[in-house]
Amino acid sequence: MPRYNPAAIEPKWQAYWEQHQTFAAPRLPAGDGLYVLDMFPYPSGNGLHVGHPEGYTATDIVCRAARMQGKSVLHPMGFDSFGLPAEEHAIRTGVHPRIQTEKNISTFRRQLKMLGFSYDWGREIATTDVDYFRWTQWIFLQIYDTWFDPDEQRGRPISELPIPGAVAAQGPDAVCAYQDERRLAYQSEAPVNWCPALGTVLANEEVVDGRSERGGHPVVRMPLRQWMLRITAYADRLEQDLGGLDWHEGIKALQRNWIGRSTGAEADFYIGDKSSFDGWKSARGSGPFPAKLADDVLRIYTTRPDTLFGATYMVIAPEHPLVERLTTPDHRAAVEAYRQQAAAKSDLDRTELSQEKTGVFTGSYAINPVNGEAIPVWIADYVLISYGTGAIMAVPAHDERDFAFAQEYSIPIRPVVQPGDHIPREEAAKVLAGEQVYVESGVAINSGQFNGLRTQEFKERITAWLAQRGLGRQAVNYKLRDWLFSRQRFWGEPFPILHELDSAGKPTGRVRAVPEEQLPVDLPHLDDFKPHGRPEPPLDKAPEEWLYPVVEGKRYKRETNTMPQWAGSCWYYLRFLDPKNAQAPVDPAIEQAWMPVDLYIGGAEHAVLHLLYARFWHKVLYDRGVVSTPEPFQKLVNQGMILGENNEKMAKSRGNVVNPDDIVREYGADSLRLYEMFMGPLEAAKPWSMEGVNGVCNFLGRAWRMIIDDRSDRVQLNPAIGDWPPTDEDQRVIHRTIKSVTEDIAKLSFNTAIARMMEFTNHFTKQDRRPRVAMEQFVLLLSPFAPHIAEELWQSLGHDQTLAYEPWPQHDESLLAEATIELPVQVNGKLRGKIVVSTDADQGSILAAARAHPKVAEYTAGKAEVKAVVVPGRLVNIVVKG
RNA sequence: GCCGGAGUGGCGGAAUUGGCAGACGCGCUGGACUCAAAAUCCAGUUCUCGCAAGAGAGUGAGGGUUCGAGUCCCUCCUCCGGUACCA
């Protein structure tokens, strides 16, 4: 076998690793542990995409190098196997989604093994395994059993929730209701995104421009009972704890942006009769700012309390509870029509028509707490019920949207901020004339006793002023919404929740958790998977004995919603630690030993949702003592997208999809791995190139021929290899390569590491005396990148065991040094010549040699030397004048 | 609009963080080997002018700091990703 033949050597070594359990990780790390995790794939019917092996190869290199460096490495793989496509396939074919899912997993597993990744396959899990989702359900029950204590800023067992005496006095049902309102998992009737085409409700995040992210079907809003997870309670911690993570700043910014924390003030506008305003105001001054609102008050949220004096109208969302009360009889018809129109609007309409502001006047007025002025209350859909208080004070002079609205409806515009000096005079004049909007900071005008204050100080002063009088308070808001956690699908985790029924078979509204020891709640048998086109979930068609269990003599109906696909991926990194544990999701001793994940690599498409959801669950588990670290993923890296050869996103429709199977068949797995790492920086988007694959394949062939005699009929070493002592030049090449490759792997700079190894082969293929020791070191350096060929070469070099645990080569700094060094000499910054000096030459002799250089002398002749810069080891620059 | 990231040869990309721009690979050109081809090996390859020696220009554009800028600062342009009435 003289030629490099990946088709022969790759299956051989894959079988060897499997047979010898080479990459099985210990239960607990022996010495330094390293947990390296890939984002596990959704096993789609299309099989592996070339994007998958990019991140997987990167982590594999890190793991293989770390093992050789003596680390105890945990490197698992599994499958995120719940999801819509399998269910849609089942609807079309009538085949149970589990069958298709398992088929897809088999394909993925085969493809992953074909690429020679050093996973501990003994830990493989799939989120659809009943033994896995048993614990997903268990974690849901933990969340259900938790309330968030705002004082301690942490989740606590619901049994520790203090029950106010007034509630307790109303009996156990009231207590239950009080608790249920505060659980981290709660039910809500909120309007949801119902997609008739998919037959399901979607999360806000799954709706793009009013259409389903998957399939692009229209989505309408309708109210439906849903399970929600109170992720907003953790918003502050989710934002704060980003600080300690070793993540790219861009990804952190994405998450911060998504959480969208803003600080400002809430303020109450009196909507009772104007004559009673003074009485209301002084009554307010005697107590604290009320948490619960009376219905004579409109509460608003603003980030610009300094513009309170500029409020010329109010806006409430069409869904605001005070619409009824505020609408006067002569405006009722118009308001009703507007509300209906707004309700019918899809999100698409609301966003696409974003420039057009619409609204109606209610006929009522609210009184500005700072100046007692009565201003009209409008209804407009540019104010969202789901953010802040669902009501705003409108300051058209200093808010783009309010300005547009005021212009549309001829509402007065009153400037209260004098623009700063960076604004041109004529623009500032326009602002002061109410002809232009100005949203930045400045100095207060038209604001009574606050005139002359700068924006920042004014904000603080007015907030305090409001708080003192019981009229307002400082407030924080988030763009982040609670997580809509239920789906009307079959192929998802069932909720371990039972709804109590009365004797007539109607739900009483009381809910109980399935007892822990009765988990898992498996999916029932269904005769068919077709949706019925109504929002009720397919599980409503489950057999009676599944659907209506009896517990302690009471009849219940099971929850028929299922969990979203995100659920399984929220904690899989924990199960990998202890995948077969039947008593707990993970053994605490094991969890403490391995967590947190040291390196997590995956696509940037999960930068917000998956990572935020997983962090949220982790924090609840942390609060409940299940895990020991506040964050799950210490270091995160997002691999860049691999584009087609035409520089476009790979897509079937574009005909530019590259199939890993084809590449492996033609070039081998080592070439695929090496190419994907050589394309460019891991995090950058890069176009595929078949010629590039061919290039790295040639390199492997060169490396092969450097060591193997390719003219022989049997595998034997190239006759140039022998136990010769390395020359000084050889030593420099060897140690420079060891140093660079080692450092580059640590920096995840795989493309440059490969370039250094190419330089190594370029040097040694020119030598007809190749020291065996040099070849061995090289093979070890190459092995994390191209493990199959490396194992084969290692064996040819006379070793009879895997190199997976051979000590990693160490470089010797003293062997890198050269006796002389070539220094560039510049005159006035332009390169004019090069001198060769001894490495330890002093500045004076370097300068003398530089001046003596004929070319340099030519350019300095007859000119006055102004300055000479000597940077030892780098260059000389002589500055002349004249 | 806002928030991120990026613009370097024919192409993918390097460049100790302020010090020889273009490592390494692809492609291309020439050569060796061969009856010939494939494979392999060797040499060259930023652009412009020049037979050459050489000279000049050059990291999206323009300005600045510096002995010296792909790298730092200011202004702007283009592309990619995210987000979008969040008060």
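Note that this is a predicted model, so its numbers are computed, not measured. Sequence lines set the chain letters: A, B, ... in the order given, protein chains first and strands last, and positions in each chain run from 1.
- The distance from atom CD of E691(A) to atom P of C26(B) is 10 Å, rounded to the nearest whole Å.
- Note that R770(A) lies outside the cation-pi zone of F764(A), set by a 6.0 Å cut-off to the ring centre and a 45° limit from the axis.
- In this structure a side-chain-to-backbone donor-acceptor pair under 3.5 Å is present from R481(A) to K479(A).
- In this structure, the nucleotide among A55(B), C67(B), G81(B) sitting nearest to the side chain of N877(A) is C67(B).
- Heavy atoms of Y859(A) sit under 4.0 angstrom from primed sugar atoms or phosphate atoms, though from no base atom.
- Counting any heavy atom pair closer than 4.0 Å across all strands shown, L254(A) reaches sugar-phosphate atoms only and no base atom.
- Between W566(A) and Y613(A), the ring planes are perpendicular. Angles over 60° get that label, and only those under 30° would be called parallel.
- At distances below 3.5 Å, at least one donor-acceptor pair connects side-chain atoms of R304(A) with backbone N or O atoms of V439(A).
- Counting to the nearest Å, the C1' atom of U83(B) and the CG atom of L609(A) are 12 Å from each other.
- Note: CD (Q843(A)) to P (G19(B)) measures 17 Å, nearest angstrom.
- Here R261(A) lies out of heavy-atom contact (under 4.0 Å) with every strand.
- A residue-by-residue look at A391(A) and P824(A) shows that P824(A) has its nearest nucleotide of RNA chain B further toward the 5' end.
- Ring orientation note: the planes of Y4(A) and W704(A) are tilted relative to one another, at an angle of 30° to 60°.
- For the P atoms, the distance from A15(B) to C3(B) is 29 Å, rounded to whole Å.
- Spacing between A23(B) and G12(B) at atom C1', rounded to whole Å, works out to 13 Å.
- Using the six-membered ring where Trp is involved, Y409(A) and W378(A) have ring planes that are tilted, between 30° and 60° apart.
- With a 3.5 Å limit on both pairing distances and Watson-Crick or G-U wobble geometry required, the stems of 3 or more pairs in RNA chain B span B:1-7 with B:77-83, B:10-12 with B:24-26, B:27-32 with B:40-45, B:46-49 with B:54-57, B:60-64 with B:72-76.
- By the rule that a glycosidic angle within 90° of 0 means syn, G9(B) counts as syn.
- The side chain of K855(A) lies closest to A55(B) when the candidates are A87(B), A55(B), G81(B).
- A heavy atom lying under 4.0 Å from RNA chain B marks the following residues of residues 735-754 of chain A, by number: N751(A), T752(A).
- Side-chain contact of D744(A) with T752(A): a donor-acceptor pair under 3.5 Å is present, judged by distance alone.
- Rounded to a whole Å, the OH atom of Y301(A) is 17 Å from the P atom of C85(B).
- Listed candidates were U16(B), C67(B), A87(B). Nearest to the side chain of R874(A) is U16(B).
- A search for side-chain hydrogen bond (donor to acceptor under 3.5 Å, both in side chains) contacts involving R769(A) returns nothing, not counting sequence neighbours.
- Of the candidates C20(B), A23(B), G5(B), C20(B) carries the atom nearest the E822(A) side chain, counting heavy atoms from C-beta on.
- The interatomic distance linking M706(A) (CE) with U40(B) (P) rounds to 16 Å, in whole Å.
- When distances run from any side-chain atom of V871(A) to the nucleotides G13(B), C67(B), G19(B), the shortest one goes to G19(B).
- Using a 4.0 Å heavy-atom cutoff across all strands shown, D710(A) reaches no nucleic acid atom at all.
- The glycosidic torsion of U78(B) lies more than 90° away from 0, which places this base in the anti conformation.
- RNA chain B is contacted by both N828(A) and S689(A); S689(A) maps to the nucleotide lying nearer its 5′ end (nearest heavy atom per residue).
- For the salt bridge (Lys or Arg N to Asp or Glu O under 4.0 Å) test, residues two or more places apart in sequence or in another chain that qualify with R615(A) are E631(A).
- At distances below 3.5 Å, not a single donor-acceptor pair connects side-chain atoms of Q639(A) with backbone N or O atoms of L682(A).
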For residues 694-702 of chain A, which side-chain N or O atoms pair as donor and acceptor with protein atoms under 3.5 Å away, sequence neighbours left out?
unit_1: R702(A); atom_1: NH2; unit_2: N762(A); atom_2: OD1; d: 2.4

TODO: Let me have a per-nucleotide readout for nucleotides 41-47 of chain B, 5' to 3', with B, S or -, counting only protein heavy atoms under 4.0 Å.
DONE: SS-----

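- The interatomic distance linking M679(A) (CE) with G13(B) (C1') rounds to 11 Å, in whole Å.
- Of the possible donor and acceptor atoms, none in the side chain of N477(A) sits under 3.5 Å from a partner among the backbone N and O of Y387(A).
- Across the protein-nucleic acid pair, R832(A) atom CZ and A55(B) atom C1' stand 9 Å apart, rounded to whole Å.
- In this structure, the NZ atom of K863(A) is 15 Å from the C1' atom of C67(B), given to the nearest Å.
- Around atom CD of Q474(A), no more than 12 heavy atoms belonging to other residues, nucleotides or ligands sit under 6.0 Å away.
- Counting only heavy atoms from C-beta on, Y382(A) has its side chain closest to C85(B) among G19(B), C85(B), G5(B).
- Taking only side-chain nitrogens and oxygens, N698(A) comes nearer than 4.0 Å to OP1 or OP2 of U40(B).
- Contact check on R299(A) versus D268(A) returns a salt bridge, with a Lys/Arg side-chain nitrogen under 4.0 Å from an Asp/Glu carboxylate oxygen.
- You'll find that the side chain of L831(A) is closest to C20(B), out of A14(B), C20(B), C67(B).
- Comparing A69(B) with G19(B), their C1' atoms sit 10 Å apart, to the nearest whole Å.
- With A23(B), G25(B), A87(B) as the choices, the nucleotide that has an atom nearest any side-chain atom of S262(A) turns out to be A87(B).
- Residue contacts shown for G388(A) are absent, as no nucleic acid heavy atom lies under 4.0 Å away.
- Taking 3.5 Å as the limit, the base of A23(B) and the side chain of R756(A) contain a donor-acceptor pair of atoms between them.
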